[in-house]
Amino acid sequence: MDLFYEALIYQNRWTWYLEGIGKTLLISLGAVAIGVVIGVIVALIKYVNKKYGSFKVASKICDIYLTIFRGTPVYVQLLIMYLVVLFFVNDIWVAIITFGINSGAYVAEIFRGGLEAVDDGQLEAGASLGLSKFQVMVSIVLPQGFRHALPSLCNEFIALVKETSIVGAIGVKDITKIAANIVTKTGEAFVPYIVSAIIYLVIVIILTQLLKLIERRLAKSDKN
Amino acid sequence: MTKIKNQPQTASHSVERKDIKIGEILIEVKDLCKQFEDTQVLQGVNLQIKKGDVVAVVGPSGCGKSTLLRCLNLLEKPTAGTITIEGDNIFNSYSIYEKQKLNDINKQIKLLKKQKQKVSSEILDEYVAQKEKYLSLLKEEKQTDKEIAKTLNKHREKVGMVFQQFNLFPHMTIMQNITFAPVKLKKLELAAAQEKGLELLKKVGLSERANDYPSALSGGQKQRVAIVRALLMNPDVILFDEPTSALDPEMVGEVLSVMSDLAKDGMTMMVVTHEMGFAREVANRVVFIDEGKIVEDSAPQEFFNNPKNARLKEFLSKVL
Ligand SMILES: Nc1ncnc2c1ncn2[C@@H]1O[C@H](COP(=O)(O)OP(=O)(O)O)[C@@H](O)[C@H]1O
Ligand SMILES: [Mg+2]
């Protein structure tokens with residue numbers, strides 16, 4: 001009981017966890033927002049390059065970006081960003097930006113898969129009506145590609161929430177870092193870390209249920 | 001080389017539309033060739049389509065029927081020949097030939113440079129001069145290509161297409177499917193498009209399904225919607241690529257009857273089909289493709305009862 005008291009009640013330490021949850025969610029949401037913007041742009045550039053042969057240089061640059069950010073650990077990326085590239089930026093922003101750019105690389109591949117799942121006949125039907133490539137992309141390919149990619153995008157977000165547990169390395173007080181701080185104070189590891197594990201689990205379960213709901217909705221509108 | 005004329009847009013409804021009367025030439029195809037990597041599919045197709053024509057295109061599978069149709073609205077880019085629609089050239093076939101020529105010359109130059117000592121510089125100079133010539137020609141044509149590309153979408157508005165696999169947009173309702181392009185391309189106001197769309201849907205017996213999604217429709221219904229979608233663009237000609245081949249047998253009739261109604265209304269149509277009954281009764285011309293060329297082009301009566309080409313005789317003996 002004492003352990004429990006020290007880890008949660010004493011000095012209102014449970015409120016620290018709330019702050020930690022706030023930081024974790026903030027970083028995850030911020031990162032996914034940046035990730036989706038980058039991912040959509042990169043995926044579109046690569047898709048258009050493949051279909052129409054335009055954007056040659058941009059597509060090469062995208063490849064380099066994908067190789068670097070998918071080929072190195074996000075922990076190392078975070079340290080490099082914090083200590084070298086963005087040393088002048090507030091640490092939570094460093095976390096959001098780094099995870100955003102990193103996640104963008106994964107979202108790009110997810111989204112490209114979604115776009116490529118769109119039948120070529122859709123592009124041809126659009127073109128045969130006299131629509132421009134741009135109009136076909138925006139109004140016909142994108143909505144369908146997004147719909148194909150949505151379940152994987154949600155999974156990427158869930159994975160991201162867990163991945164952010166390393167931001168303590170640059171001093172951001174997220175769920176994991178809060179637990180670690182309490183451990184240093186009390187000298188006892190069991191309760192704080194179990195509490196943080198449970199918090200992650202609850203967040204993930206809630207998000208998974210949400211995802212299932214979305215998928216059911218989509219399946220229903222597909223049948224329509 | 002015919003230059004594309006940039007005609008002023010007059011009313012929003014009629015875009016570059018020319019007043020072509022029944023019986024006048026709408027599409028003219030000359031020496032059309034299309035080559036995929038190593039297969040020469042079309043090898044000099046010549047064809048005239050006059051306004052009001054219903055041309056059935058038949059031939060064995062793989063003979064290039066789809067390729068020909070797709071070349072007519074540049075879903076495939078031909079490798080040589082000309083296509084004019086309402087007198088406007090819709091693509092420039094010269095650049096491909098010249099690119100090849102340039103490639104050859106570059107190879108020659110490389111070869112000559114390798115054996116520098118042995119050849120006189122005059123020969124080399126000659127090649128370099130030729131290279132310059134082709135480069136400048138290509139540059140000029142790139143400009144023409146650009147001009148043609150600008151008007152390509154305008155040409156496509158005039159040439160409707162109905163696909164074997166329907167290709168309706170699954171994320172749009174039937175009404176959105178048919179009104180999207182004409183509204184987006186400012187051919188019709190939304191309200192007018194919906195009104196006209198509903199009228200056409202009624203004609204094909206689908207006005208009740210306007211707010212359904214394509215996935216709720218049968219194949220025959222989808223294809224009728226696809227026809228309405230093409231129609232609402234008010235095209236001068238509609239290309240049909242095996243419109244009934246993906247349908248269950250009991251649905252073939254409903255689509256063919258919509259198409260023959262269209263033909264009776266005077267719509268110019270080019271129809272790739274295996275339905276010989278349709279070719280015989282609805283078309284006013286039937287063409288047969290063999291070895292990349294049109295080898296028979298005659299009225300249905302003549303085509304079926306008195307075929308001249310040996311391959312056609314063989315083909316007809318199989319399908320009839
Ligand atoms: N995109 C392509 N790439 C390579 N070969 C193709 C392509 N499209 C068609 N072909 C080839 O061209 C030939 C004619 O095809 P197609 O026009 O579809 O025939 P049809 O419609 O008469 O059955 C076939 O041999 C086919 O394999
Ligand atoms: Mg075909």
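Residue numbers start from 1 in every chain, and the chains themselves are labelled A, B, ... in the order their sequence lines are given, proteins ahead of strands. Just so you know, these numbers come straight off a predicted model, no measurement behind them.
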When every non-hydrogen atom of A:Ser139 is compared with those of B:Phe180, the smallest separation belongs to CB-CZ, 3.2 Å
Picking from B:Arg156, B:Lys184, B:Met172, B:Arg70, which has the most non-hydrogen pairs under 4.5 angstrom with chain A? B:Arg156
Examine distances only and state if a side-chain atom of B:Asn167 and a backbone atom of A:Gly121 form a donor-acceptor pair shorter than 3.5 Å. yes
For B:Glu195, look at atom CD and say whether over 12 heavy atoms of other residues, nucleotides or ligands are found less than 6.0 Å away. no
Between A:Leu131 and B:Asn153, what is the shortest heavy-atom contact and its length? O-OD1, 3.7 Å
Rounded to the nearest 0.5 Å, what separation is found between the CE atom of B:Met161 and the CG atom of A:Leu129? 11.0 Å
So which atom in A:Ala125 and which in B:Arg229 form the shortest heavy-atom distance, rounded to 0.1 Å? CB-NH2, 3.6 Å
Taking everything shown except A:Phe55 itself, do over 12 heavy atoms lie less than 6.0 Å from its CZ? no
Mark yes when over 12 heavy atoms from residues, nucleotides or ligands other than A:Phe134 sit less than 6.0 Å from its CZ; otherwise mark no. no
For each of B:Asn73, B:Leu75, B:Leu74, tally heavy-atom pairs with chain A at distances under 4.5 Å, and name the one with the top tally. B:Leu75
Main-chain N/O of A:Ser128 paired to B:Glu157 side chain as donor or acceptor, under 3.5 Å: no
Which portion of B:Phe163 sits near chain A, non-hydrogen atoms under 4.5 angstrom: side chain
I'd like to know whether NZ of A:Lys173 has more than 12 heavy-atom contacts from other residues, nucleotides or ligands below 6.0 angstrom. no
Counting only heavy atoms not in B:Lys203 (residues, nucleotides, ligands), do more than 12 fall under 6.0 Å from its NZ? no
Shortest non-hydrogen contact from B:Leu168 toward A:Gln122: O-NE2, 2.8 Å
